[in-house]
Amino acid sequence: MTAATFSPRVSPIAGLRHSMTLAWRTLVQIKHNPAELIDFSIQPIMFLVLFTYVFGGAISGNTGDYLTFALPGIIVQNALFATLNTGMGLSTDLQKGVFDRLRSLPIARFAPLAGRIVSDIVKQSWALALLLGLGVVLGFRIGTDVPSAISGYLLVLVCSLGFSWLAVLVGMLAANPEKVQIFGFVVMFPLTFTSNAFVPTATMPGWLQAWAKVNPVTILADAVRGLWVTGGGSGPALQSLLWAAALTAVFAPLAVRAFKRRT
Amino acid sequence: MTYAIEAQGLVKRYGDTTALNGVDLAIQAGTVFGLLGPNGAGKTTAVRILGTLLRPDAGRAVVGGYDVVRQAHQVRQLIGLTGQYASVDEALTGLENLILIGRLLGMSRAGARARATELLRGFRLDDAAGKPAKAYSGGMRRRLDLAASLVGRPELLYLDEPTTGLDPRSRNEMWDIVRELVAGGVTVLLTTQYLEEADQLAGSLAVIDHGRVIADGSPAELKARTGAQILSVRPADPAGVPVALAVVAELTGGVPEAAGGTVTVPVSDPALMPAIVARLDLSGITVAELALRSASLDEVFLSLTGQRATPGALVPEKSAA
């Protein structure tokens, strides 16, 4: 047996190519299972329509004003929930043995993780565009300029990337995908609801207001409102980026360590 | 002598459980090596270490001249892994699964597609190429799984219990495929719980139990050492059992056992059968049943470890009455 011709490591370019191939793998699944597309499209649509027409009038006096206030919040809430897909997908791959197959191949060690994250960002931007488009149909208007609108869009993507490290960690630690979902219910629900994503915080008890004020969901929702509706918003946008950076700094190393240990 | 795989003193612990307790293996290039053992013996752990999926706690292993820990990336360029745990993506079609692997191995789009199509045809999966893998039967899934590990034309193939849970027909198909691969020069490491499978495919064997290799050699050597066949005699009249015991003991030189009116003894020479029939006839014993069957894995363990197998575990595999 010859022991000469094999390269000792993966080049960064090859690693990037492996990641893109694995991102394709996740996205091409939608073709066979269009229900998945409906899965991550229908829930945000329902939230948007129900919140606007059921709560909107009661909260803001009329549905139009509420939509202007709540659409950024609903977009943020949806983006955070969607990060759970990353964790659930990874957990499923672990359970089914797909990772064993991938890890026995001469590919970059980070590629399975990076591929999953890239494909989920693509799904995120789809859901974001869908919600924004539907919002416009229902009467939402961008009150600022195009660069601000694009900045808001990118800000949500960057922040959901920060949050997705938490989901990766949970996906690696959870015994199965269902446990990831339970985590989502127990952590993401309170996190998104104790913010000003859906309602102004003025009527909340003082202690809750104090929390809602520093809740990253509030900060990100305010940033998007500023960038899309009221103008300004660079303050909360900066804070959101700091949050994203902090989440990444804390959870990315933990997630990568857990990933290495589980796989 | 060139070894495709050499392992020395492999140890792997999970908490208090010792999965591997000092395993040595030497596998010659171009052969099928069978790792035989019951569930939980440590077979899969050994394969995972040799496949770079696990690091050993102690010991070292060299695959194709490369160290599995320090030169894992090179090892991965040599091996294909198929097994209980390495799986295909159920949501992708058979074709897409194979294209995915080809692309990850650096093939062009067209090259990956051509290789995938070729393998699907070779494994009689071309009709199902466009169907998601979750719609495949058990046998089809294993074939796809095996095809996936062959995309890169590996020099070494690890098959971890490739036929567990398959019906006899699919199992035979799998065996034929393995034989073809070996004829093409591939070195195969096969783990199995079935003595018959190891016997059918492997040129040499290691029997593993509680994380240790307890015997190795060719199937013939192992059989000779363990008395791999079981002779059983049932006199028509239970009163004839003591005489049958004496005859069998004398002719086989073994220590027969009597249970339920049947006398059994491990034998290594099937030619004894006619002699035993003749002697029993001379002694005036009418034989209601006479059978020679392969020893089950339990019986091989019994002779290797000296530990008693449970009577319920003695399942006849083939009989000649």
Side-chain angles (χ1 to χ4, degrees), chain A residues 1-11 13-37 39 88-90 92-112 114-116 119 177 260-263, chain B residues 2-5 29-30 47-48 50-54 62-66 70-93 96-97 99-106 112 130-135 145 148-149 151-152 154-156 158 160 187:
Chain A
M1 195 153 288
T2 53
T5 52
F6 297 106
S7 60
R9 64 183 66 83
V10 193
S11 73
I13 303 274
L16 195 65
R17 195 167 40 78
H18 299 150
S19 305
M20 288 305 152
T21 303
L22 287 167
W24 165 82
R25 169 217 160 203
T26 310
L27 292 173
V28 80
Q29 294 179 356
I30 297 170
K31 199 173 78 186
H32 305 298
N33 186 13
E36 200 191 328
L37 191 66
D39 262 3
M88 282 171 52
L90 290 169
T92 307
D93 279 352
L94 276 177
Q95 200 180 27
K96 300 271 181 188
V98 174
F99 270 150
D100 279 351
R101 155 90 57 215
L102 296 178
R103 288 178 58 250
S104 75
L105 296 173
I107 60 171
R109 298 296 90 186
F110 64 81
R116 174 67 65 177
S119 66
K260 281 184 174 158
R261 191 173 316 159
R262 270 295 287 274
T263 60
Chain B
T2 34
Y3 289 113
I5 298 174
V47 169
R48 290 175 69 87
L50 296 173
T52 76
L53 299 181
L54 271 184
V62 174
V63 173
Y66 295 108
R70 283 179 296 110
Q71 297 169 303
H73 187 63
Q74 287 95 321
V75 172
R76 292 181 192 123
Q77 292 168 70
L78 282 167
I79 61 169
L81 178 62
T82 293
Q84 302 181 99
Y85 299 108
S87 183
V88 295
D89 187 331
E90 295 185 342
L92 297 187
T93 66
E96 284 164 350
N97 262 295
I99 289 178
L100 171 70
I101 309 279
R103 294 288 286 158
L104 288 173
L105 291 173
K131 283 192 197 138
K134 61 171 166 272
D145 212 355
S149 60
V151 171
E155 292 178 36
L156 277 131
Y158 299 167
D160 190 14
T187 306

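Proteins get letters first, then strands, A, B, ... in listed order; numbering begins at 1 in each.
- No donor-acceptor pair closer than 3.5 Å links the side chain of B:Arg76 to the backbone N or O of A:Ile107.
- Minimum interatomic distance between B:Glu96 and A:Lys31 (heavy atoms only, all atoms of both residues): OE2-NZ, 3.5 Å.
- To the nearest 0.5 angstrom, A:Arg9 atom CZ is 11.0 Å from B:Gln71 atom CD.
- To the nearest 0.5 Å, the span separating CD1 on B:Ile101 from CZ on A:Arg25 amounts to 9.5 Å.
- With a 4.5 angstrom heavy-atom cutoff, B:Leu104 touches chain A via backbone and side-chain atoms both.
- Closest non-hydrogen pair, A:His32 versus B:Leu92, comes out as CD2-CA, 4.4 Å.
- Heavy atoms closer than 4.5 Å to chain A are found nowhere in B:Ala72, neither backbone nor side chain.
- Taken to the nearest 0.5 Å, the OG1 atom of B:Thr82 stands 12.0 Å off from the CG atom of A:Asp100.
- When every heavy atom of B:Leu53 is checked against every heavy atom of A:Ser104, the shortest pair comes out as CD2-N, 3.9 Å.
- Listed here is the closest heavy atom pair of B:Ser149 and A:Arg101: CB-NH1, 3.5 Å.
- Applying the salt bridge (Lys or Arg N to Asp or Glu O under 4.0 Å) rule to B:Lys131 yields no partners; only residues at least two apart in sequence or on another chain are considered.
- Distance check: A:Leu22 CG to B:Leu100 CG gives 6.0 Å after rounding to the nearest 0.5 Å.
- Listed here is the closest heavy atom pair of A:Val10 and B:His73: CG2-CE1, 3.2 Å.
- The most heavy-atom pairs under 4.5 Å with chain B, out of A:Val28, A:Thr92, A:Leu102, A:Leu105, come from A:Leu105.
- When all heavy atoms are compared, the tightest approach of A:Pro106 to B:Gln77 is CB-CG, 3.4 Å.
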